[in-house]
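Here the structure is laid out as structure tokens; the discussion comes afterwards.
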Amino acid sequence: MFSAADHVFMSRALQLAEKGLYSTTPNPRVGCVITRGTQIIGSGWHERAGQPHAEVVALQAAGAAAKGAVAYVTLEPCGHFGRTPPCAHALIDAGIVRVVVAMEDPNPLVSGRGCALLKSMGTAVQTGLLQAEAQALNIGFVSRMVHNKPYVRLKIAASMDGKTALKNGASQWITSEAARHDAHRWRARSCGILTGIGTVQLDDPELSVRFMESSRQPKKIVVDRYLQIPMDAKLFRGEQVFIFTANDANEEKKKSLAELGAQVIEMPDAEGRIDLQKMMTLLATEFAMNEILVEAGRGLSGALVEAGLVDEIIFYLAPHLMGDDAQGMLKWPELMSLAQRKRLEISDLRMVGKDIRVIARLQHQ
């Protein structure tokens, strides 16, 4: 169905799409290559929301030579008006005769429209080339469109015996500088960083991207049941802060937090705790967050895993031991049988500095 040349050109389009790893949110990461015969005559990628889509950039590079050419695009060209005109129309108007698509648009409201429009105008369309790679690149966008929730990664830094802090709470620094720098790359690709009030009170983190160049900073999300967040917390520097609380009484503090640019969202569940499921849905549907990175203590981390809201865990394991009395990775109710274990599928294992990094996906039943 697809030739060796098709694979080469789509691979190049995926490489271009990856250039938007840290900048395109909330839009998907998309690359496009336009070819004539065995030559690439135009290429481009989508850099950020509101700027030209990959197809438009590639068409501009190809110019008049695009007439009669073939386009390789990692995501179905849009067939509707959004911030920019439909890319399907641009391909048709340029005279593209064949379009090869890695994956269809996961948005159920628009999926298939772009391809259908191209076909209706006589353009040959083929889909599914390197689809898995394109989906992996946009794993958060797919999750938001299909499941109405962000793709949630939990970062855990621990000793080899699985301890994340001493009994007194001291945790800086368990892992090496190389591991901390690597973690900032995961921050940079995320739409938001989520933490709990305990971490804010104990560590006073900024929750910002450092140690690398980044054209944007992720939003900051705090789970704070009783609205205890200090007004001078470092995380109020920079990007907007969303504070989820179950407390509806402290109006004066809410007003003060609003003056700092924070948005306080009351979301109690039936037990008076924060409804974590609704929180994730809101982050996806109202705030268009594709990927969330959780950097929290074992209480909130355990609650998110127990609720089935964590998709992937990034473990950084340092080559030392901290002993039985130190704090563990996750806190949740005692398991009464091995059948209750949370199953993981390891997708990546490598050394980062002197530490071991393990990436594993939760196997939700």
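Salt-bridge annotation for Lys254 and Glu251: present, with a side-chain N of the basic residue lying under 4.0 Å from a carboxylate O of the acidic one. The pair Lys155-Glu295 meets the salt-bridge criterion, since a charged nitrogen lies less than 4.0 angstrom from a carboxylate oxygen. Ion pairing between a basic and an acidic side chain is recognised when a charged N comes within 4.0 Å of a carboxylate O; Asp182 and Arg350 show no such pairing. Contact check on Lys234 versus Glu206 returns no salt bridge, with no Lys/Arg side-chain nitrogen under 4.0 Å from an Asp/Glu carboxylate oxygen.
More than 12 heavy atoms of other residues, nucleotides or ligands shown are found within 6.0 angstrom of CG on Leu166. Counting heavy atoms of neighbouring residues, nucleotides and ligands inside a 6.0 Å radius, atom CD of Glu213 does not exceed 12 of them.
In terms of modelled atom types and a separation under 3.5 Å, the side chain of Arg113 and the main chain of Val110 share no donor-acceptor contact. No side-chain donor-acceptor contact under 3.5 Å links Gln135 to the backbone of Val142. In this structure, Gln217 contributes its side chain and Ser208 its backbone to no donor-acceptor pair below 3.5 Å. The closest donor-acceptor contact from the side chain of Asp355 to the backbone of Ser176 lies under 3.5 Å.
Between Phe242 and Phe287, the ring planes are tilted. Angles from 30° to 60° get that label.
Considering only heavy atoms from C-beta on, Lys220 stays 4.5 Å or farther from Ile193 through its side chain.
A donor atom on one side chain and an acceptor atom on the other are not found under 3.5 Å apart for Gln39 and Arg36. At a cut-off of 3.5 Å, with distance as the only test, no side-chain donor of Arg298 or Thr164 sits close to an acceptor on the other residue. A donor atom on one side chain and an acceptor atom on the other are not found under 3.5 Å apart for Asn247 and Thr245.
Both Leu362 and Val358 are assigned to one and the same hydrophobic cluster, defined by single-linkage of ILVMFWY side chains at heavy-atom distances under 4.5 Å. Ile197 and Ile274 sit in two unconnected hydrophobic clusters of ILVMFWY residues. Membership requires side-chain heavy atoms under 4.5 Å apart, directly or through other members.
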